[in-house]
Amino acid sequence: MRRMTARPANAHQARLLRLLRDGGPRSRAELGDRVELSRSKLAVEVDRLLETGLVVADGLAASRGGRRSHNIRLAPQLRFLGVDIGATSVDVAVTNAELEILGHLNQAVDVREGPVAVFDQVLTMVAKLRDSGVAEGFDGAGIGVPGPVRFPEGVPVAPPIMPGWDGFPVREALSQELGCPVMVDNDVNLMATGEMHAGVARSVRDFFCVKIGTGIGCGVVAGGEVHRGTTGSAGDVGHIQVEPDGRQCACGNRGCLEAYFGGAALARDAEEAARDGRSAELARLLEAKGRLTAADVAVAASAGDGTSLDLIRAGGARVGQVIAGLVSFFNPGLVVIGGGVTGLGHTLLASIRTQVYRQSLPLATGNLPIVLGELGPVAGVTGAARLTSDHLFSPA
């Protein structure tokens, strides 16, 4: 059954809803301090929101002289669903209206199996969360996928590591299954949105969020808004060339960053080093497991394996080479590094920092933090919930 949720009638109501989402319950006086409305106009808009059921009265506010008013908060029954699909895993979470996570599941997935198989798994996870009692239905859902998305239609477009997904109507299909509005975006844009809402980028208006997973992508935030570009492909930095006539990339070109670093490339290089006799530790892991992952390289590096450390440093230098060019072009206030490969830790981060600070001009990097994300595996689902709440809290 489709869940029908009211929408704000105008921009004033939309702003009030977002203030309550981001700051929690507030008194009418506190809301008045934040919006440019007369007391009478504010009262009208709050009363109209109370009538919609999107907000409720929530206890008496602290006295500021005179009669005490009630706090206003978002309706406690509102629920958002966040889904973050990666190349090898999927996270599904339910949040309340303030985007606090009430339930979260993670499972392995192979995005190459195609959208039908992947969404069957997602819907099974959603059913488990419903059965746990955290939600009966949803007022909106946000979905992240690891490839370019034509944002207005919610459709993946020629994603290099997602065979069978090109043109699949993700938004339409899941809206029917979930019974609520669905928003779809690239996974790294949602990671950036999550870190901006509740992570390391809370106070930054212009920043990059670089996700290093199976592949590499970049969320670009300018003026507090995600920049998607004309067709939704902004930030596809994994396919910037770092080596002319270099390795073949999954996109069909040669010499792309993703062909040299990321989870898939690192695993391939580690297996080659193990077979060539360059690392006894990697050879031992390969013999025990049959294949290697980026996590195995992290284990070997933590054990002091020189070859693994060299692979991480070389990859970090490649990523830093690309980020340095982006920093010189965009001049961000922060660079956030996230994704599964960040399990490689500070060896990777130090290599990226060294390359960026060495290559970019001092004016751009003099006060530029390059840091790991704070939210880890829930950055994407938090961003997904934020995306769909932005939609719900916009005038109809």
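Predicted, not measured: the structure shown is a model, and the values here were computed from it.
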Exercise. Counting heavy atoms not belonging to Asp245, are there more than 12 under 6.0 Å from its CG?
Worked result: no

Practice prompt. Return yes if some donor-acceptor pair links the side-chain N/O of Ser175 with the main-chain N/O of Cys180 below 3.5 Å, else return no.
Written response: yes

Exercise for the section: Check whether any side-chain N or O of Glu258 sits under 3.5 Å from a backbone N or O of Ile216 as a donor-acceptor pair, and report yes or no. Expected result: yes

Next item on the list: May I ask you to say whether Asp296 pairs ionically with Arg284, meaning some side-chain N is under 4.0 Å from a carboxylate O?
Entry: no

For Gly338 and Met191, the nearest pair of non-hydrogen atoms, with its separation, is CA-SD, 4.0 Å

Distance-only, no hydrogens or angles: does the Asp139 side chain make a donor-acceptor pair with backbone N or O of Arg79 under 3.5 Å?
yes

| Any sub-3.5 Å donor-acceptor pair from Ser351's side-chain atoms to Ala317's backbone N or O? | yes

So, does Asp58 use its side chain to make a donor-acceptor pair with the main chain of Ile72 at under 3.5 Å?
no

Do Pro148 and Pro159 make a side-chain contact, defined as non-hydrogen atoms from C-beta onward lying under 4.5 Å apart?
yes

Same hydrophobic cluster for Val335 and Phe330, using side-chain heavy-atom links shorter than 4.5 Å among ILVMFWY?
-> yes

Mind checking whether Leu348 and Ile370 sit in one hydrophobic cluster, side chains of I, L, V, M, F, W, Y counted as touching below 4.5 Å? yes

inquiry  = Less than 4.5 Å apart, side chain to side chain, heavy atoms only: is that true for Thr382 and Thr95?
reply    = no

Whether Arg228 and Asp185 form a salt bridge (side-chain N of Lys/Arg under 4.0 Å from carboxylate O of Asp/Glu) is what I want to check.
yes

Check your understanding: So, are Asp269 and Arg247 salt-bridged, with charged N and O less than 4.0 Å apart?
Key -> yes

Using modelled atom types only, decide if a donor and an acceptor are shared between the side chain of Glu30 and the backbone of Asn71 within a distance under 3.5 Å.
no

query: Should the heavy atoms of other residues, nucleotides or ligands under 6.0 Å from CG of Asp47 be counted, would the total exceed 12?
result: yes

*When you measure from the side chain of Thr365 to the backbone N and O of Tyr357, does any donor-acceptor pair fall under 3.5 Å?*
no

Between Ile352 and Ile212, does a side chain to side chain contact (heavy atoms under 4.5 Å, CB included) hold up when you go through it step by step? CA-CA 12 Å; Ile352 292 172; Ile212 310 174; 4.3 Å; yes

Note to self: Is any side-chain heavy atom of Val118 closer than 4.5 Å to one of Trp165?
What the structure shows: yes

* Residue pair Glu153 / Glu172, side-chain heavy-atom distance below 4.5 Å -> no

- Message: Check whether Asn186 reaches the backbone of Gly147 with its side chain - one donor and one acceptor, N or O, closer than 3.5 Å.
- Response: yes

Evaluate whether atom CZ of Arg112 has more than 12 neighbouring non-hydrogen atoms of other residues, nucleotides or ligands under 6.0 angstrom away. no

Query raised in the report: Does some side-chain heavy atom of Pro395 sit less than 4.5 Å from a side-chain heavy atom of Asn10?
Result: no

Check ion pair Lys41-Glu45 (N to O, under 4.0 angstrom)
yes

Can you confirm if the NZ or CZ of Arg318 lies within 45° of the ring axis of Tyr260 and under 6.0 Å from the centre of its six-membered ring? yes

Leu309/Asp305 under side chain to side chain contact (heavy atoms under 4.5 Å, CB included): CA gap, chis, key distance, verdict: CA-CA 6 Å; Leu309 289 166; Asp305 180 63; over 6 Å; no

Shared ILVMFWY cluster between Phe208 and Leu334, side chains joined below 4.5 angstrom? no

Exercise. Is any side-chain N of the basic residue among Glu272 and Arg268 closer than 4.0 Å to the acidic one's carboxylate O?
Worked result: no

Open item on the list: Within a 6.0 Å radius of atom CD on Gln107, are there more than 12 heavy atoms belonging to other residues, nucleotides or ligands?
Closed with: yes

| request: Examine the side chains of Arg386 and Thr193 and answer whether a donor and an acceptor come within less than 3.5 Å of each other. | output: no

Does some side-chain heavy atom of Arg73 sit less than 4.5 Å from a side-chain heavy atom of Val55? no

| task | Decide whether Met183 and Val122 are clustered together by the hydrophobic rule: side chain heavy atoms of Ile, Leu, Val, Met, Phe, Trp, Tyr closer than 4.5 Å, transitively. | result | no

task = Give a yes or no answer on whether the side chain of Glu98 reaches the backbone of Gly23 with a donor-acceptor pair at less than 3.5 Å.
result = no

Is Glu195 reaching over with its side chain to a backbone N or O of Leu375, donor-acceptor style, under 3.5 angstrom? yes

If we only count heavy atoms from C-beta on, is the Phe393 to Leu74 side-chain gap below 4.5 Å? yes

State, with a plain yes or no, whether a side-chain heavy atom of Arg48 is found less than 4.5 Å away from one of Thr52.
no

Are Ile161 and Phe261 linked, directly or through other ILVMFWY residues, by side chains that come within less than 4.5 angstrom of each other?
no

Correct closest heavy-atom pair for Asp390 and Arg18 would be O-NH2, 2.9 Å

